[in-house]
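Structure first, then comments.
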2 protein chains.
Amino acid sequence: MERSAPGSLVPEVGLDRTSPVPLYFQVASRVQQLIESGEMPVGGRLENELELAERLGVSRPTIRRAVQYLVERGVLVRKRGAGTQIVHPKVRRPVELTSLYDDLAKTGQKPRTEVQTLRVGPAPDHVAEALGLDGNAHVTWIERLRFADGEPLAIMHNAVPVDVLPLGRADLEGHGLYELLRAAGYAPRMASQVVGARVATTAEARMLGDVRGAPLLTMTRTAWDASGQAVEYGSHIYRATRYAFELTLST
Amino acid sequence: MERSAPGSLVPEVGLDRTSPVPLYFQVASRVQQLIESGEMPVGGRLENELELAERLGVSRPTIRRAVQYLVERGVLVRKRGAGTQIVHPKVRRPVELTSLYDDLAKTGQKPRTEVQTLRVGPAPDHVAEALGLDGNAHVTWIERLRFADGEPLAIMHNAVPVDVLPLGRADLEGHGLYELLRAAGYAPRMASQVVGARVATTAEARMLGDVRGAPLLTMTRTAWDASGQAVEYGSHIYRATRYAFELTLST
DNA sequence: GAGTGGTCTAGACCACACC
DNA sequence: GTGTGGTCTAGACCACTCG
């Protein structure tokens with residue numbers, strides 16, 4: 001018989017077995033929701049896996065998978081022999097793969113993009129190497145100036161293999177590159193990046209409305225989709241007075 | 001009977017059931033090794049899970065767990081209905097939680113550390129907040145100058161709760177902070193960081209043997225151990241001409 | 001010693017990709 | 001249609017933690 005034990009930490013779950021959403025995910029989402037709402041207090045302990053499985057009417061492996069999902073996100077901590085505890089109320093996302101456009105839009109700043117250059121041609125050597133293309137493969141090469149709330153923020157250089165996606169000026173002024181890639185079925189799934197710093201040259205400073213010698217954050221990135229296809233190479237500079245990278249790491 | 005099918009992609013595995021190393025991990029390690037050595041070619045396909053399970057003499061869930069492990073690291077790609085492919089020869093580590101000391105040691109540069117300041121006292125407000133401590137909790141506050149191959153590279157400020165670890169000058173000159181934390185059973189498992197850039201002040205430039213206005217990479221980080229205990233707060237500056245962050249991200 | 005998570009098995013049915 | 005991975009079950013034994 002299903003009932004909520006007095007003081008039990010996972011009061012109600014309401015699983016839908018007809019839903020296409022996997023059971024383990026339904027369980028994980030519900031638990032996460034209960035933690036975020038404060039119904040399951042940080043520092044509190046979860047019931048053990050067998051009890052949880054029985055009470056929710058699923059098997060132990062399914063419960064384990066749900067708990068595992070939240071452990072990977074830093075919400076729960078498991079200790080063999082000791083139990084499972086809630087250590088953080090919010091999901092800490094292991095670095096999201098988003099573009100600057102998405103980041104700005106999410107924080108309510110109005111992004112605007114000027115496409116300075118857009119041309120198709122053979123990839124330069126270092127780009128071809130980063131993307132794993134052979135020497136005569138063609139890419140779309142883009143230079144964009146990105147504004148936030150009307151102020152220049154970044155100069156962005158990108159290369160996208162033409163096989164992946166034909167790009168037009170209009171697309172790029174109204175959408176982030178990653179948004180376009182996702183829409184075309186080439187959602188970035190993995191990326192390798194190098195973040196550094198240097199000072200602005202006169203030309204860069206002029207474009208960014210800043211002074212020569214202003215600090216810049218630099219980032220070069222290669223991104224691949226789920227199938228391992230390289231979808232984008234980027235080499236960007238950001239005004240460091242207006243932008244910084246936030247990351248969450250977990251081992 | 002165990003035999004290697006002609007042309008089979010996972011030739012020999014040699015599992016040791018008496019080993020404390022989990023079977024799924026033995027399988028994953030072996031496959032990864034075969035890929036790195038080139039015996040299993042990038043672009044090649046793995047046998048299906050049932051065959052693999054039968055041939056290696058383990059159950060399908062165990063095989064799945066091994067494959068999953070390599071998928072998360074970007075080595076393999078699974079497609080429902082289509083199969084499993086090798087897309088990258090090397091494990092791409094989701095950002096390792098290491099300290100600068102470890103990074104330098106690994107790349108063969110000789111790190112040296114001068115401890116400039118080391119004192120115990122109540123945590124400043126912003127540090128207490130980052131570490132989730134209450135106002136009168138004490139931390140060890142450290143300022144260090146880090147050299148690589150004899151050249152100054154970074155100025156590092158750290159705070160470590162005294163409950164976590166008592167720190168001595170001598171420890172810090174010969175070891176990385178993360179090494180000390182790990183040895184004390186507080187291995188960092190999760191961290192949140194912000195990476196930015198600015199230019200050096202006169203005082204900073206003097207310490208780093210550089211000029212005022214030189215570009216600096218800045219990083220502030222809070223790290224937690226497996227139990228969710230905050231173990232370290234850091235606020236560091238690096239000479240951007242000599243250091244950059246490399247990251248691999250995956251969703 | 002009792003309780004907990006960690007690993008592993010041997011099945012089952014389903015959804016999707018490709019021929 | 002056939003083959004593949006995705007999900008789920010109902011057990012089992014072990015290793016570790018804690019009182």
Side-chain angles (χ1 to χ4, degrees), chain A residues 5 8-10 13 15-29 31 44-72 75-87 185 189 225-229, chain B residues 5 8-10 13 15-29 31 44-72 75-87 185 189 225-229:
Chain A
S8 93
L9 270 171
V10 184
V13 172
L15 299 178
D16 176 3
R17 281 179 181 273
T18 69
S19 159
V21 178
L23 282 175
Y24 79 88
F25 193 83
Q26 293 186 38
V27 173
S29 304
V31 169
R45 227 182 98 176
L46 246 68
E47 295 150 87
N48 72 51
E49 297 176 347
L50 287 170
E51 260 181 50
L52 218 41
E54 192 178 358
R55 210 157 53 70
L56 305 190
V58 300
S59 69
R60 187 183 165 210
T62 301
I63 287 292
R64 277 186 66 73
R65 193 159 172 192
V67 170
Q68 179 64 25
Y69 183 85
L70 294 174
V71 167
E72 279 162 9
V75 174
L76 301 178
V77 165
R78 284 202 276 213
K79 272 192 200 131
R80 176 170 8 193
T84 303
Q85 267 197 320
I86 303 162
V87 292
R189 274 284 180 81
D225 75 358
S227 76
Q229 160 82 50
Chain B
S8 92
L9 271 169
V10 184
V13 171
L15 299 178
D16 177 3
R17 281 178 181 273
T18 68
S19 159
V21 178
L23 283 176
Y24 78 88
F25 193 83
Q26 293 185 40
V27 173
S29 304
V31 170
R45 227 184 96 175
L46 247 70
E47 296 150 88
N48 71 51
E49 298 176 346
L50 287 170
E51 261 182 48
L52 262 179
E54 192 178 359
R55 211 158 53 71
L56 305 190
V58 299
S59 69
R60 187 181 165 209
T62 301
I63 287 293
R64 276 187 66 73
R65 192 159 174 191
V67 171
Q68 179 63 27
Y69 183 86
L70 294 175
V71 166
E72 279 162 9
V75 174
L76 301 178
V77 166
R78 285 202 275 213
K79 274 192 201 134
R80 178 174 0 198
T84 302
Q85 265 197 320
I86 303 163
V87 292
R189 275 284 180 82
D225 74 0
S227 76
Q229 161 82 48

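Order of the sequence lines sets the chain letters (A, B, ...), proteins ahead of strands, with each chain counted from 1.
Gln68(A) pairs by the side-chain hydrogen bond (donor to acceptor under 3.5 Å, both in side chains) definition with Glu72(A), Arg78(A), not counting sequence neighbours. By the side-chain hydrogen bond (donor to acceptor under 3.5 Å, both in side chains) test, Ser29(A) is found to be paired with no residue, residues two or more places apart in sequence or in another chain being considered. Shown here are the side-chain contact (heavy atoms from CB on, under 4.5 Å) partners of Val77(A), two or more places apart in sequence or in another chain: Val87(A). Listed by chain and number, the residues in a side-chain hydrogen bond (donor to acceptor under 3.5 Å, both in side chains) with Gln85(B) amount to none (sequence neighbours excluded). For Tyr69(A), the ring-ring contact (aromatic ring centres under 6.0 Å, His included) partners are Phe25(A), not counting sequence neighbours.
When each of Glu49(B) and Leu23(A) is assigned the nucleotide of DNA chain D bearing its nearest heavy atom, the one mapping closer to the 5' terminus is Glu49(B). Summary of the strand contacts: Gly83(B) and Tyr24(A) both lie near DNA chain D, and taking for each the nucleotide with the nearest heavy atom, the more 5' one is attributed to Gly83(B).
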Please report, to 0.1 Å, the donor-acceptor pairs under 3.5 Å made by any side chain of residues 58-66 of chain B, with sequence neighbours excluded.
| residue | atom | partner | partner atom | Å |
| --- | --- | --- | --- | --- |
| Ser59(B) | OG | Thr62(B) | OG1 | 3.2 |
| Arg60(B) | NE | Glu49(B) | OE1 | 2.9 |
| Arg60(B) | NH2 | Glu49(B) | OE1 | 3.0 |
| Arg64(B) | NH1 | Glu49(B) | OE1 | 3.3 |
| Arg64(B) | NH1 | Glu49(B) | OE2 | 3.0 |

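If you measure from atom CG of Leu52(A) to atom C1' of dT4(C), you get 13 Å, rounded to the nearest angstrom. Atoms CG (Leu76(A)) and C1' (dT4(C)) sit 15 Å apart, rounded to a whole Å.
In this structure, Arg17(B) and Leu23(B) approach most closely via the heavy-atom pair NH1-CD1, 3.4 Å. When every heavy atom of Thr18(B) is checked against every heavy atom of Asp16(B), the shortest pair comes out as OG1-OD1, 2.7 Å.
Val67(B) places a side-chain heavy atom less than 4.5 Å from the side chain of Leu76(B).
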Under 3.5 Å, N/O pairs linking protein and nucleotides 17-19 of chain C:
| residue | atom | partner | partner atom | Å |
| --- | --- | --- | --- | --- |
| dA17(C) | O4' | Arg80(B) | O | 3.3 |

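Among the atoms of the strands shown, none is found under 4.0 Å from any heavy atom of Leu50(B).
Using a 4.0 Å cut-off on heavy atoms, the residues of residues 61-68 of chain A that approach DNA chain D are Pro61(A), Thr62(A), Arg65(A), listed by number.
Here the straight-line distance linking atom CD of Glu47(B) with atom CG of Leu52(B) works out to 4.5 Å at 0.5 Å rounding. Gln229(A) CD to Arg189(A) CZ: the interatomic distance, rounded to the nearest 0.5 Å, is 14.0 Å.
Once you apply a 4.0 Å limit to the heavy atoms of chain B, the touched nucleotides of DNA chain D run 5' to 3' over dG3(D) to dT7(D).
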